[in-house]
Amino acid sequence: MNISNSSKIAIKALGNNKMRCFLTMLGVIIGVGAVIAMLAIGQGSKNSIKAQISEMGSNMIMIMPGAERRGGVRQSSEDMQTLKPADYDAIVSQATMIDRITPMVSSSGQWVNGNNNYPSQAQGVNTQFLDIRQRKVADGEMFTEADVKTAAKVCVLGKTLVNNLFPDGTDPIGKIVRFGSIPLTVIGVLDEKGYNTMGQDQDDMALVPYTTVMKRMLAIDYIQGLQASAIDENQTDATIAEITNILRESHKLRPEQEDNFTIRSMQELAEMISSTSSMMTVLLAAVAGISLLVGGIGIMNIMIVSVTERTREIGLRMSIGATGRDIMTQFLIEAVIISVTGGILGILLGGVATWMIKIIANWPVQIDPFSVILSFVVCTVIGIVFGFYPAAKASNLDPIEAIRYE
Amino acid sequence: MAKEIIKVENLKRHFKVGEETVKALRGVSFTIYEGEFVTIMGTSGSGKSTLLNTLGCLDTPTSGEYFLDGIPVKGMNKNERARIRNRKIGFIFQNYNLLPKTTALENVELPLLYNPAVSAKERAERAEKCLREVGLSERLYHKSNQMSGGQQQRVAIARALVNNPVIILADEATGNLDTRTSFSILTLFQRLYREGKTIIFVTHNPEIALYSSRNIMLRDGHIVSDQYNNDIKSAEEVFRSLPVETE
Ligand SMILES: Nc1ncnc2c1ncn2[C@@H]1O[C@H](COP(=O)(O)OP(=O)(O)OP(=O)(O)O)[C@@H](O)[C@H]1O
Ligand SMILES: [Mg+2]
């Protein structure tokens, strides 16, 4: 007998028991749907992390004070003060692989304009910060090198701060606002960026010359960190090595001494985050895969019942000339039809679920075509594997006994 | 001389049941020629079904020779026997054994489904022709559970004819039917006999021997008599004489 005849027989047999057939399929449908949705969530969050990294600049390098943090051991405040303006000067004068670099110091506090308050930060940076972060000043202008030298009392505000401090819509340029007790003249407004993919407000930002933050706000002689951009994003490791050498020399560290600073590239960070998210994806997919396995066992269960129930039919088919192989093919095809139809419906369900997650929870999701193909293949394999035992059982029946079976 | 369709020599079939051996057939020999209508009779447990299963290549004898249409069946493997059942034998069972929820036409097509040489078109044509022969041309698309016992047995007979078998094997084909319907089925068998079909009809009803051309009696796995019937009674006449029951 050929496959098309076997398929006809199998489809007819399944049609005789639609409800049962559907319930059996349900296990596979839910399993596949879960796999598709889980992988879509994993893929989506991976993509969003990637997008965010490139948003922030994949050539970005961060230099932090203190030795590399391990095992959550807290470092003393002294360790956190190892980066000085002299280090910044050393890097600026010696580094060859760095495009831009800015010191980073920030102070938290209340921004005030008359009756309007807004709790935020004053981000102390130099003029290169905008290039590193790929930001622009939309209105007015950025402070200058001269402002940095003189620790001028000026600031460039993000849109969120403008909206909160000037709710009536007056032009903030030239107005004087206070950060804590320090009056600052607003000389520019940053371009509007909205929320990033992690849900942070990128407009909740106020830039001040870093010298102003150090001298006038915090009264410190160290900097909290440095952000730089490498000339070549493929050379970040070499760039890190170069900065390390400069800083070790500047700190006069002996060869046996550990670095008292930490350098991270955005790429490293990206890898760290995406490896965590890959692990989550694998875990989620494994849980979903188990439900698919349960679906497969459901198929086997119902096929065994079906073989017992149809013993007489099998006996009859054999007595009129069906070979064991014909019977085997028929039942295998039945199992595969259940699992593959379930798989297709499961893919649709997964698609709908993914779409709903996107609409309702506003998560970044993306269905990977590979996961669809994979589910399809896995379903076929499940049908064959779990259909095999019942089908073999059917094909080994003795026709005389089978036809007499009550 | 007519063609030998079935030839068995000293056929034995022993069943092992625990420690004991049940001897269902204890050495049976006979030859059936083309065009014979043979009834096989005997009390319950005399070995009729065992013999028929062996002749139908469903069962293999413990010893002895069996030639079907000149082919030695002994030594055939499972698949070869399935093939010979499909091409050379038409089976009719006591309880019809139709597929449930399936139309008469599809039931009759069934044996041809397992014969790749027959196309879908030819399958439908042959099935329809056989159903017409057994008088069910009006019932092609009725499902098996929508038909009476007599109609179901006619479908089963059509199914046994559809592959043009060299022999038709019936085991208690009228066992489940009332007298009138039994005679209508018997009339059909007599017609097939007149058309030249070879038939073996197993029954424990001695009356039926009057309507066949030859009768073999079994007792305890032996043949106790093998007689030709020169005065075959017409089942159709009996059928006509019986009052029509309200169904
Ligand atoms: N599979 C089997 N295993 C063991 N013994 C069997 C088996 N099949 C048949 N027998 C025995 O063989 C003997 C003949 O059985 P068979 O079914 O051929 O009788 P029968 O003439 O068809 O009877 P009935 O008229 O009741 O159908 C019986 O004693 C039966 O118990
Ligand atoms: Mg019997």
Side-chain angles (χ1 to χ4, degrees), chain A residues 1-22 302 305-334 337 391-406, chain B residues 13 15 24 49-50 52-54 56-60 76-103 106-120 123 143-145 156 159-163 165 169 171-172:
Chain A
M1 184 163 62
N2 55 35
I3 293 286
S4 110
N5 282 351
S6 299
S7 309
K8 256 181 237 158
I9 292 172
I11 288 168
K12 187 147 175 47
L14 292 174
N16 283 344
N17 246 319
K18 290 192 192 71
M19 187 64 186
R20 178 154 96 187
C21 178
F22 173 72
I302 226 63
V305 171
S306 173
V307 166
T308 311
E309 232 178 40
R310 284 152 66 190
T311 301
R312 263 180 64 173
E313 174 194 324
I314 295 164
L316 168 73
R317 286 180 187 279
M318 286 179 155
S319 70
I320 60 168
T323 59
R325 212 190 144 107
D326 290 331
I327 299 294
M328 175 113 182
T329 315
Q330 177 189 336
F331 279 89
L332 264 187
I333 288 177
E334 278 185 33
I337 287 176
K393 197 175 137 152
S395 72
N396 283 330
L397 286 173
D398 175 59
I400 301 170
E401 277 168 30
I403 206 155
R404 282 211 204 114
Y405 183 87
E406 292 299 332
Chain B
R13 180 67 170 105
F15 294 102
S49 295
T50 307
L52 201 74
N53 287 339
T54 308
C57 302
L58 283 168
D59 204 357
T60 40
M76 278 190 178
N77 67 24
K78 260 172 122 177
N79 285 345
E80 287 167 332
R81 279 188 278 129
R83 194 182 150 87
I84 210 160
R85 287 200 294 272
N86 187 242
R87 308 297 150 82
K88 296 209 178 275
I89 292 168
F91 265 113
I92 299 161
F93 304 93
Q94 177 170 2
N95 39 23
Y96 331 129
N97 276 315
L98 301 184
L99 292 185
K101 300 184 195 170
T102 306
T103 64
E106 286 171 307
N107 266 297
V108 176
E109 280 183 7
L110 203 59
L112 302 181
L113 267 180
Y114 295 99
N115 183 348
V118 182
S119 71
R123 204 156 64 212
K143 302 242 165 110
S144 42
N145 44 323
R159 184 178 63 197
L161 293 172
V162 79
N163 57 344
L169 302 176
D171 194 352
E172 303 280 11

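Every chain is numbered from 1, with letters handed out A, B, ... down the list of sequences. The shown structure was predicted, so the numbers you read here are calculated from the model rather than taken from an experiment.
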Distance from [X] atom [atom1] to [Y] atom [atom2], nearest 0.5 Å?
{"X": "A/Met318", "Y": "B/Arg85", "atom1": "CE", "atom2": "CZ", "answer": "8.0 Å"}
{"X": "B/Tyr114", "Y": "A/Ile327", "atom1": "OH", "atom2": "CD1", "answer": "5.0 Å"}
{"X": "B/Asn115", "Y": "A/Ile320", "atom1": "CG", "atom2": "CD1", "answer": "11.5 Å"}
{"X": "A/Asn5", "Y": "B/Leu112", "atom1": "CG", "atom2": "CG", "answer": "10.0 Å"}

For a 4.5 angstrom cut-off between non-hydrogen side-chain atoms, does [X] reach [Y]?
{"X": "B/Thr102", "Y": "A/Glu313", "value": "no"}
{"X": "B/Asn95", "Y": "A/Arg312", "value": "yes"}
{"X": "B/Leu99", "Y": "A/Arg317", "value": "yes"}

Q. For A/Thr323 and B/Ala82, which heavy atoms make the closest approach, and how far apart are they?
A.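 Closest approach of A/Thr323 to B/Ala82: CG2-CB, 3.7 Å.
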
Which bit of [X] comes within less than 4.5 Å of chain A, counting heavy atoms only: side chain, backbone, both or neither?
{"X": "B/Pro100", "value": "backbone"}
{"X": "B/Glu106", "value": "side chain"}
{"X": "B/Arg159", "value": "side chain"}

Q: Scan B/Asn53, B/Asn86, B/Leu58 and name whichever one has a side chain to side chain contact (heavy atoms under 4.5 Å, CB included) with A/Ser319.
A: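 Filter result, single survivor: B/Leu58.
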
Q: Can you establish whether the number of heavy atoms outside B/Lys143 located under 6.0 Å from its atom NZ is more than 12?
A: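 Count not over threshold, so no.
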
Q. Do other residues, nucleotides or ligands put more than 12 heavy atoms under 6.0 Å from the CZ atom of A/Arg325?
A.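 Result for CZ/A/Arg325: open.
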
